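Worksheet: the structure to be examined is printed underneath.
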Amino acid sequence: MTLPDTLIEKTFSPADFEQRWYAHWEAVNAFRPERPDAKPYTIIIPPPNVTGSLHLGHALDNTLQDILIRYHRLLGRDARWVVGTDHAGIATQMVVERQLAESTQATTRQAMGRTAFLETVWDWKRTSGGAITQQLRRLGASCDWSNERFTMDEGFNKAVTKVFVTLFEQKLLYRDKRLVNWDPKLKTAISDLEVEFREVDGNLWHFRYPMEDGSGFIAIATTRPETILGDGAVAVNPDDPKMAHFVGKRCRLPLVDRLIPIITDSYVEADFGTGAVKITAAHDFNDFEVYKRHPEANIPVINLMNDDATMSDACPPEYRGLTREEARKKVIADFDALGLLDKVEPHRHQVPYGDRSGVIIEPYLTDQWYVNAAELAKPALEVVKSGATQFVPKTWEKTYYNWMENIQPWCVSRQLWWGHQIPAWYDEGGKCYVAETEEAAQAQAGSAAVLTRDEDVLDTWFSSALWPFATLGWPEKTDELARHYPGDVLVTGFDIIFFWVARMVMQGLHFMDDVPPFKTVYCHGLVRDAKGAKMSKSKGNTVDPLTLVDKYGADALRFTLTAMESQGRDIKLDEKRVEGYRNFATKLWNAARFCQSNGIGASTTVEPPKAENAVNRWIIGEVATTARALETAMATYRFDAYADAIYGFAWNRFCDWYLELTKPLLAEGADPVVAAETRAVSGWALDQILVMLHPVMPFLTEELWHKLGARSRDLIVSEWVRTDAIPADPAASADIEWLIGLVSEVRSARTELNVPPGAKLGYSVEGAGAATTARLSANAAAIERLARIVPATTTATGGKLQLVHADATYALPLEGVVDLAAEKARLEKAIATASKERDALAGRLASPGFTEKAKPEAVEKARDDHAARSAEAERLGAALARLG
RNA sequence: GGGCGCGUAGCUCAGCGGUAGAGCACUCGCUUCACACGCGAGGGGUCGCAGGUUCAAACCCUGCCGCGCCCA
């Protein structure tokens, strides 16, 4: 044992040391010590947006990753947490555009031009981007910052280009004209996943279209009257008798005066609306499908809108330039004027909104680049089905399968400037050449061709799908790649399975020789407010994790999130919990301070010191039991179990019992040999607590580690508990459990009878066997201190308190103090409890079904329990009888 | 409409086949020489409802009721 280094201050104040330790760890490269011979352990961070700022979801996600990394680092693995940020195409472009608009020049990207704008974005990235990486440091995240990556850095660009070209050459990536989700505010295609459906109170308008043959009208119903201008057909259900007479005829589309066919398609629901549906192939996903199913009908596909969702030149002149909303009003009014508006029915329905712009998304017909996701999904499904990649909790596999099995072509082009520009060039005739460089494209096209590069960039997820291998140097065959691919686990929110997990698995398998990017996917839940509501800026119920860090310390926040993380369930975060775990940190701080003031300091061995005394042997065994529980918790990703086990051990075992039981052993006049042993064991046990708690509370534990003595290494790069060096010690365990039981019984009885807490009572004992007698004498000092009883010098007469523990009955004379009636009532209650359980067990044992069919262990346990309860009831009965 | 999940102490949640647990909150007592962000002792649950399987069910099965999420 080495002597204390610095005195531990009386008050625990995390702000005093958290940032100091972080800076130290980073400076000495503690996050990734050189361990060339160790087995690698790799986590690839889900890269936060470069525009992002830390919210509680990040705090949870990164706390869990940090626990895994710190734990495996303590186990001696070559732990590496690959870190970096995502360029976040739309988000970043929006941030910079907003700044431009608000700046003194009040300019736009269009006014600046592409090159100048991109320079501005890079400037922004250099000065303001990545604030979140500083916030992750506040949280204690032990990432490998020395190899921080960005999805737009040079190597990554190379990877993205290579993947694009390769997929194109393999015919898994192609250009196509299809409907996309068009965001008319941002003027770009967006992914299905970036579309948010909202229930909206709208209307169902019923209109009449006159029949070509003058035989009357066909009525249709629509929620989007403005799209009537682009109708190409009317469809009815083939089995609908009331519509049969229309089929095959044509009707005249009012306002545009165009003849359109009436066709049948089973997609039409006969009893919804009027039973007839207008088909606008260019502005509705379902209608587009109908159009494709009916080539014979020659349905025209008319793109009614410009890219800002104003009405285009394809509309009659009086509608051109109107917004969607204005056009809708005018169409309704014009139909009404013609007497063709039948009725307006209130109708609640789902409307698509862009989750970033907040405007209504328009299904829009454009040329875009698509990845054949269905093809890439096949092996990605297989790898989960075979177990090569496992989801924890397993239930998310179904969600993954469901999405993968119904996957649509993935639109990967975006009409943005910030991102990876698509490596495709067009000649004057519009012919497309895809190549890794412009020179290569030129070579394909011939030197005479004048090439123009595709203006669009790739979906951010296209590049982040490559994160697990492009961060490690791919397409170069680096040592890093060989060593750290695949990662051990991906930790992420379940809401991101589609965005991330699915796409990383697809690309990882395709480009890394069928090896999936990680062995395990741990999906956690969402962090909600104390009432269970989703946190959102608009609701104003967001909690800034850094505010909690300032108030309670990063360790307390981390512990809270860990304790509440049980396998993917959502977390309702109540600040009271953070406060509670701050109290736990304070408790441990004070325990360490107590140890220090008693000459207990840093241990010198990883193995436990030699111990003779039962309480010391007991705590060594308890450390091992706890460490094993923690190992199991980590192996099964039970973060809540990890937190519970270390909390319970540190507080309820070590502080409440061990430190209290050993106080007499350290007191003045105690046996110096025993005292020395106790100091050694205390120091060792406290060190093990620091080691075991370190993954969750890294700052506090590192601080105490150094306060307790001079160390040859920092705790972060120390060593996990050597459970293999600790044999089971059932004798010590039995001794101390007996002692704890006795003290608890006495305390309980004293309180019930209102014995003054300070009063020290004499006791006499009956029925004690040799073991109990030995235990009573070996632990006399502890019993006196904790139960406040000492062996009686005289025999009790009159009123007494009696209690039964193990094989003995203890009597505490309480002449004049005890209320005889109260003591009788207490004993009667105890007898009732014991008898009730005795009888219940007897009943079970009497049932032939139980003794014949139950597992032998269960029967044996019932017999033992029955005997114990029976004896207890008997002794309590005798005690009651003695009271008279 | 399809799928997933949840209903256990006042609150938040563990437990998922052998006598109901934790933290917080609550009650009572305590200036016990580490800690009142503390110490000690307590009260509190027909484990959503109804059936079934089993010697035994909070735990497995079926149905119902209530709540949430995802997809269409």
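Numbers restart at 1 for each chain; the letters A, B, ... are given by sequence-line order, proteins then strands. All figures in this text were calculated on a predicted structure; none of them were measured in a lab.
Between A:Leu665 and A:Ala670 the shortest heavy-atom distance is O-CB, 3.3 Å. In this structure, A:Phe639 and A:Glu565 approach most closely via the heavy-atom pair CB-O, 3.8 Å.
As rounded to the nearest Å, B:C16 and B:G5 have C1' atoms that lie 15 Å from one another. Using C1' as the reference atom, B:A14 and B:G21 are 7 Å apart when rounded to the nearest Å. If you take atom C1' in B:U54 and the same atom in B:C69, they sit 35 Å apart, rounded to whole Å. B:U62 sits 11 Å from B:U53 when the C1' atoms are compared, rounded to a whole Å. With both ends at atom C1', the span from B:A9 to B:G43 equals 11 Å, rounded to whole Å. Between the P atoms of B:C60 and B:G68, the separation comes to 24 Å (whole Å). If you take atom C1' in B:A50 and the same atom in B:G66, they sit 15 Å apart, rounded to whole Å. A distance of about 8 Å separates the C1' atoms of B:C47 and B:A20, rounded to the whole Å.
Looking at heavy-atom distances under 4.0 Å, A:Arg638 makes contact with sugar-phosphate atoms alone, never a base. Across all strands, A:Lys853 comes closer than 4.0 Å to base atoms (heavy-atom distances). Residue contacts for A:Arg747: at a heavy-atom cut-off of 4.0 Å it reaches the sugar-phosphate backbone alone, with no base atom in range.
For A:Arg582 and B:C37, a side-chain-to-base donor-acceptor distance below 3.5 Å is present, hydrogens and geometry of angles not being considered.
Annotation: A:Trp396 is not in aromatic contact with A:Phe391 [ring centroid separation under 6.0 Å not met]. In this structure, the ring of A:Tyr291 has its center less than 6.0 angstrom from the ring center of A:Phe288.
For the pair A:Arg582 and A:Tyr552, the NZ or CZ position fails the cation-pi test of under 6.0 Å to the six-membered ring centre and within 45 degrees of the ring normal. Both the sub-6.0 Å distance and the 45° axial angle are not jointly satisfied by A:Arg679 relative to the ring of A:Trp684. For the pair A:Lys707 and A:Phe17, the NZ or CZ position fails the cation-pi test of under 6.0 Å to the six-membered ring centre and within 45 degrees of the ring normal.
Using a 4.0 Å cut-off between charged nitrogen and carboxylate oxygen, A:Lys855 and A:Glu860 do not count as a salt-bridge pair.
Atom P of nucleotide B:C70 and atom CZ of A:Phe494 are separated by 8 Å, given to the nearest angstrom. For the pair A:Lys398 NZ and B:G2 P, the computed distance is 17 Å after rounding to whole Å. Taking atom CG of A:Leu526 as the reference point, atom P of B:C4 lies 20 Å away to the nearest angstrom. The CD1 atom of A:Ile407 sits 14 Å away from the P atom of B:C71 (whole-angstrom rounding). Rounded to whole Å, atom C1' of B:U12 lies 14 Å from atom CG of A:Leu561. In this structure, A:Tyr401 atom OH and B:C4 atom C1' are separated by 15 Å, rounded to whole Å. A straight line from NZ of A:Lys576 to C1' of B:C37 spans 11 Å, rounded to a whole angstrom. Across the protein-nucleic acid pair, A:Asn406 atom CG and B:G2 atom C1' stand 10 Å apart, rounded to whole Å.
In this structure, CZ on A:Arg653 lies 9.5 Å from OG1 on A:Thr625, to the nearest 0.5 angstrom.
Using the six-membered ring where Trp is involved, A:Phe649 and A:Phe654 have ring planes that are tilted, between 30° and 60° apart. The aromatic rings of A:Phe559 and A:Tyr647 sit tilted, their planes meeting at an angle between 30° and 60°.
Residues A:Trp403 and A:Ile571 both approach RNA chain B. Their nearest nucleotides, taken by heavy-atom distance, put A:Ile571 toward the 5′ side. Between A:Ser748 and A:Arg577, the one whose closest nucleotide on RNA chain B sits nearer the 5' end is A:Arg577.
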TODO: Treat primed atoms plus P, OP1 and OP2 as sugar-phosphate and everything else as base, then score nucleotides 26-36 of chain B 5' to 3': B for base contact with protein heavy atoms under 4.0 Å, S for sugar-phosphate contact only, - for none.
DONE: ---S----BB-
Task: Dot-bracket line, read 5' to 3' along RNA chain B, where crossing pairs take [ ] and | marks a partner on another strand, Watson-Crick or G-U under 3.5 Å - done: ((((((((.[[[[.)..(..]]]].(((((.......))))).....[[[[[..)....]]]]]))))))).
